> 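Got a structure for you, written out below as structure tokens; questions coming shortly.
For the numbers below, each heavy atom of this structure counts, side chains included, while hydrogens, waters and symmetry mates do not. Since this is a predicted model, take the numbers as computed values, not measurements. Letters A, B, ... are given to chains in the order of the sequence lines, protein chains preceding strands, and every chain is numbered from 1.
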Amino acid sequence: MSAPEIRVFNTMQQAKVPLAPLTPGKVGIYVCGPTVYSFVHLGNARTFTSFDVIVRYLRARGFAVKYVRNYTDVDDKIIKAAAETGEEPIALAARFVREFEADATKLRLLQPDVSPKVSETIPEIIALIVKLIANGVAYQSGGDVYFEVRKFPGYLKLSKKKLDDLLEGGGERELKGEEKRNPADFALWKAARPGEPSWDSPWGKGRPGWHIECSAMSSKYLGETFDLHGGGLDLIFPHHENELAQSEGASGKTLCNCWMHGGFLDLEGAKMSKSLGNVVRLRDALEKVDAEGLRYFFLTTHYRQQLAFSDKALHDAEGRMEYFYETLKKVDERLDAKEFIAGPLHGEPQRFLNDFHAAMSDDFNFAGALSAVSGVFAELNLLMDKPPVKDKVLVGRTLVALREVVRQMSKALGLFERKPEDWLLARRDRQVKAKGLDVAKVEAAIAARNAARAAKNFPEADRLRAELKATGVEIMDTPRGTEWKVASE
RNA sequence: GGCGCCAUAGCCAAGUGGUAAGGCAAGGGUCUGCAAAACCCUCAUUCCCCGGUUCGAAUCCGGGUGGCGCCUCCA
């Protein structure tokens, strides 16, 4: 397989650029992780899944990826949430880190190589602020420290805004603050108020502002300049813009070579967001839909594109996963205990992988890659059901090759990595529970029907089939006997 | 008010200068005692509208219309 060059859309240039790692063969990526004051919602999950697949793909292409995704565990929202529950802010944050990790495991998200927390990066944050003050781009004001945006010439180069527009704007940005030299200046360090978590600093007790933690954590684990920086579209301004200003204002070097931003998940025509309150928790969604079905749904659109959430879309995605796993189940049963020696293949199994790489190399075109996935599964089924060639050894050998192609795609997408029977059974169990079916009764009816069939009493057999169907159970007569599943509507 | 993204079949969705991927749904067929699943066939002379550039545009440019987003916490 000739590996196509990987091109990535860089928000800074608003164009696709070739991936050119600082160190050949290695990629450092920083993804802005959750602020842990509540459960993550599906919009968050989409972004994390996108970067999960991007990291998986880069690894599949042989890059040694260092993947850093932080937890922001010191923040206004956390303090507010803690005040409401009566917990200590740090304890509440720790609790939601655990909840996040439980959700992430279900979604089969890769564990980042490093998951730093703000609360464990305070010395580095203070050192960074000290440097910014020394460089003349930050100033102390009482117990606070602010970044002075007018002193950093590159300010707003990422978001393409103008400082004047920012100040006039139709927004509701807080422009108050006599303590600031410029209303657009933002806090690097906030003086402690009673009851808030705080740390000693050269400016008295206090805590970091919102953006500085990412600057500190990324340079700590990836260096002053690294390859990829990711997050949701809504982080471009102010978060990434400010992060960039802080990092570059301190180091004088480019923070990262490529900024990647994922598109939103929409719910009923509007961005799913905590401020609008139109969120579906990842946790709640996973009660209703299979985790891989959800992952597949996220991959049906390019990562930078908006994606509309709906129960139907999720349901369809899960149905598609069923097709994939049913196919793999058949393939694996057939290949079991058989060996095929090397030799010619039918068709060109590799062509699907080539198409897959072509799509993924082009700014991680998930939807395009899924087309190649469909191709390989259709070919697998064709060879098993209606092989266009007679040579059984040739067919078997080709199935082995195609199965290997699927394995390669699996690794990059985080899809169909489970044992097909396990996935299929788990899905059925969930559906059985949702419908309140009695498995023993279903199996008794199937046994009765098979007795009727054996006696060639087809009217009775059909009656039992119809009866089951009415309760939502679909039965299939296979070479292995009669199997059943919950009908999807 | 400033800035940006998007508009492709009934639905979802790739494609961004060379003559419309893929999926769902639908119709027909093969298979089956009947089914289910799977497979095969059919399903956009056309890419929101109007102009322009070009031998050639869904793709580039200009102007509309419609949707979304950022400018304030947000993935």
> Suppose you measure atom P in B:U46 against the same atom in B:G4; what distance do you get, rounded to whole Å?
34 Å

> Among B:A75, B:C73, B:C39, which nucleotide sits nearest the side chain of A:Lys77?
B:C73

> Mind checking A:Gly43 for me? I need base, sugar-phosphate or nothing, with any heavy atom below 4.0 Å counting as a touch.
base

> Base, sugar-phosphate, or nothing: which does A:Lys161 touch, judged by heavy atoms less than 4.0 Å apart?
base

> With both distances kept under 3.5 Å, what pairs with B:U19, Watson-Crick or G-U wobble?
none

> I'd like a list of close polar pairs between nucleotides 19-23 of chain B and the protein, N/O only, cut-off under 3.5 Å.
from	atom 1	to	atom 2	distance (Å)
B:A21	N3	A:Ser371	OG	3.4
B:G22	O4'	A:Ser371	OG	2.9
B:G22	O2'	A:Ser374	OG	3.0
B:G23	O3'	A:Arg320	NH1	3.3

> Would you say the base of B:C73 and the side-chain of A:Asp75 have a donor-acceptor pair closer than 3.5 Å?
no

> Using a cut-off of strictly less than 4.0 Å, decide whether A:Asn381 has a side-chain nitrogen or oxygen near OP1 or OP2 of B:A38.
no

> Any strand is fair game: report the nucleotide pairing with B:C39 by Watson-Crick or G-U wobble, both distances under 3.5 Å, or none.
B:G29

> Within this structure, what is the CZ-to-C1' distance between A:Phe298 and B:A75, rounded to whole angstrom?
11 Å

> Quick one: sort the A:His302 and A:Phe366 rings into parallel, tilted or perpendicular, breaks at 30° and 60°.
parallel

> Between A:Thr327 and A:Gln14, who's closer to the 5' end of RNA chain B by nearest nucleotide?
A:Gln14

> Expressed as a whole number of Å, how far does the P atom of B:G10 sit from that of B:G29?
25 Å

> What does A:Glu474 touch in the nucleic acid at a heavy-atom separation under 4.0 angstrom: a base, only the sugar-phosphate, or nothing?
sugar-phosphate

> When the ring planes of A:Phe39 and A:Phe96 are compared, do they come out parallel, tilted or perpendicular, using 30° and 60° as the limits?
perpendicular

> Using the side-chain heavy atoms of A:Lys330, tell me which of these nucleotides is nearest: B:A37, B:C24, B:G33.
B:A37

> With rounding to the closest Å, how many angstrom separate the C1' atoms on B:G15 and B:C60?
16 Å

> To the nearest angstrom, how far is A:Glu333 atom CD from B:A37 atom P?
18 Å

> Taking CG from A:Asp76 and C1' from B:U72, how many angstroms apart are they, rounded to a whole number?
13 Å

> In whole Å, what is the span from the CG atom of A:Leu424 to the P atom of B:A37?
14 Å

> Considering only side-chain heavy atoms of A:Gln306, which listed nucleotide, B:A38, B:G33, B:C68, is closest?
B:C68

> Could you give the distance separating B:A14 and B:C6 at their P atoms, to the nearest angstrom?
11 Å

> Does NZ belonging to A:Lys288 count more than 12 external heavy atoms closer than 6.0 Å?
no

> Would you please classify the geometry between the A:Tyr325 ring and the A:Trp423 ring as parallel, tilted or perpendicular, with 30° and 60° separating the classes?
parallel

> Taking the side chain from A:Asn70 and the backbone from A:Pro116, do they hold a donor-acceptor pair closer than 3.5 Å?
no

> With a 4.0 Å cut-off on heavy atoms, is A:Ile236 in touch with a base, just the backbone sugar-phosphate, or nothing at all?
nothing

> Answer yes or no for A:Arg69 and A:Phe48: cation-pi contact, defined as NZ/CZ to six-membered ring centre under 6.0 Å and angle to ring axis within 45°.
yes

> Go ahead and name the base partner of B:G66; Watson-Crick or wobble counts if both distances stay under 3.5 Å, otherwise write none.
B:C6

> Does the structure show a Watson-Crick or G-U wobble partner for B:C60, both distances under 3.5 Å? Name it, or say none.
B:G52

> Could you tell me how far apart A:Leu468 (CG) and B:A35 (P) are, to the nearest whole angstrom?
17 Å

> What's A:Arg453 touching, base or sugar-phosphate or nothing? Going by heavy atoms closer than 4.0 Å.
base

> Could you please name the option among B:A14, B:C24, B:A36 that lies closest to any side-chain atom of A:Lys312?
B:C24

> Report yes or no: does A:Lys180 contribute a side-chain atom to a donor-acceptor pair with the main-chain N or O of A:Asp185 at less than 3.5 Å?
yes

> Please give the nucleotide sitting opposite B:A13 as a Watson-Crick or G-U wobble pair, both distances under 3.5 Å, or none.
none

> Establish, yes or no, whether a centroid distance under 6.0 Å links the rings of A:Tyr57 and A:His357.
yes

> It should be established whether A:Asn365 places a side-chain nitrogen or oxygen under 4.0 Å from OP1 or OP2 of nucleotide B:A14.
no

> Is any N or O donor-acceptor pair between the side chain of A:Arg46 and the base of B:A75 shorter than 3.5 Å?
no

> Distance between the P atoms of B:U42 and B:C47, in whole angstroms?
23 Å

> Could you tell me whether A:Lys469 atom NZ has more than 12 heavy atoms of other residues or ligands within 6.0 Å of it?
no

> Name the closest nucleotide to the A:Arg465 side chain, picking from B:A35, B:A14, B:C24.
B:A35

> At 4.0 Å (heavy atoms only), tell me whether A:Arg449 reaches a base, stays on the sugar-phosphate, or touches nothing.
base

> Hey, does A:Asp355 reach any base, or is it just sugar-phosphate, or nothing, if we go heavy atoms under 4.0 Å?
nothing

> Nearest to the side chain of A:Asp234, heavy atoms from C-beta on, is which of B:A38, B:A75, B:A35?
B:A75

> Angle class for the A:Phe297/A:Phe309 ring planes (parallel below 30°, perpendicular above 60°, tilted otherwise)?
perpendicular

> Give a yes or no on whether the backbone of A:Trp259 and the side-chain of A:Thr11 come within a donor-acceptor separation of less than 3.5 Å.
yes

> Near RNA chain B, counting only heavy atoms under 4.0 Å, which residues of residues 264-276 of chain A show up?
A:Phe264, A:Leu265, A:Gly269, A:Ala270, A:Lys271, A:Met272, A:Ser273, A:Lys274, A:Ser275

> Roughly how many Å is it from CZ in A:Phe309 to C1' in B:A75, rounded to a whole number?
16 Å

> Output every pair passing salt bridge (charged side-chain N to carboxylate O under 4.0 Å, His left out) with a member in residues 352-381 of chain A, not counting sequence neighbours, ordered by first then second residue.
A:Lys16-A:Asp362, A:Arg304-A:Asp363

> Please state the P separation for the pair B:A36 and B:A25 - nearest whole angstrom.
13 Å

> Consider the side chain of A:Lys485, meaning its heavy atoms from C-beta on, and name the nucleotide among B:A36, B:G33, B:C70 that approaches it most closely.
B:A36

> Let's test this: given Watson-Crick or G-U wobble pairing with both distances under 3.5 Å, identify the partner of B:U45.
none

> Could you check whether A:Gln305 gets within reach of a base, just the sugar-phosphate, or nothing at all, counting any heavy atom under 4.0 Å?
sugar-phosphate

> Just checking, is any N or O donor in the side chain of A:Ser38 or A:Arg281 under 3.5 Å from an acceptor N or O on the other one?
no

> For the side chain of A:Lys386, starting at C-beta, report the closest nucleotide among B:A75, B:C39, B:C71.
B:C39

> Take atom CG of A:Asp385 and atom P of B:C31, then tell me their distance rounded to the nearest Å.
13 Å

> Taking the nucleotide of RNA chain B with the closest heavy atom to each, which residue, A:Leu382 or A:His239, is nearer the 5' end?
A:Leu382

> If we take the C1' atom in both B:A58 and B:C48, what is their distance in whole Å?
11 Å

> Whole angstroms only, please: what is the CZ-P distance between A:Phe100 and B:A75?
10 Å

> Please indicate whether A:Lys160 has more than 12 foreign heavy atoms, meaning atoms of other residues, nucleotides or ligands, lying under 6.0 Å from its NZ.
yes

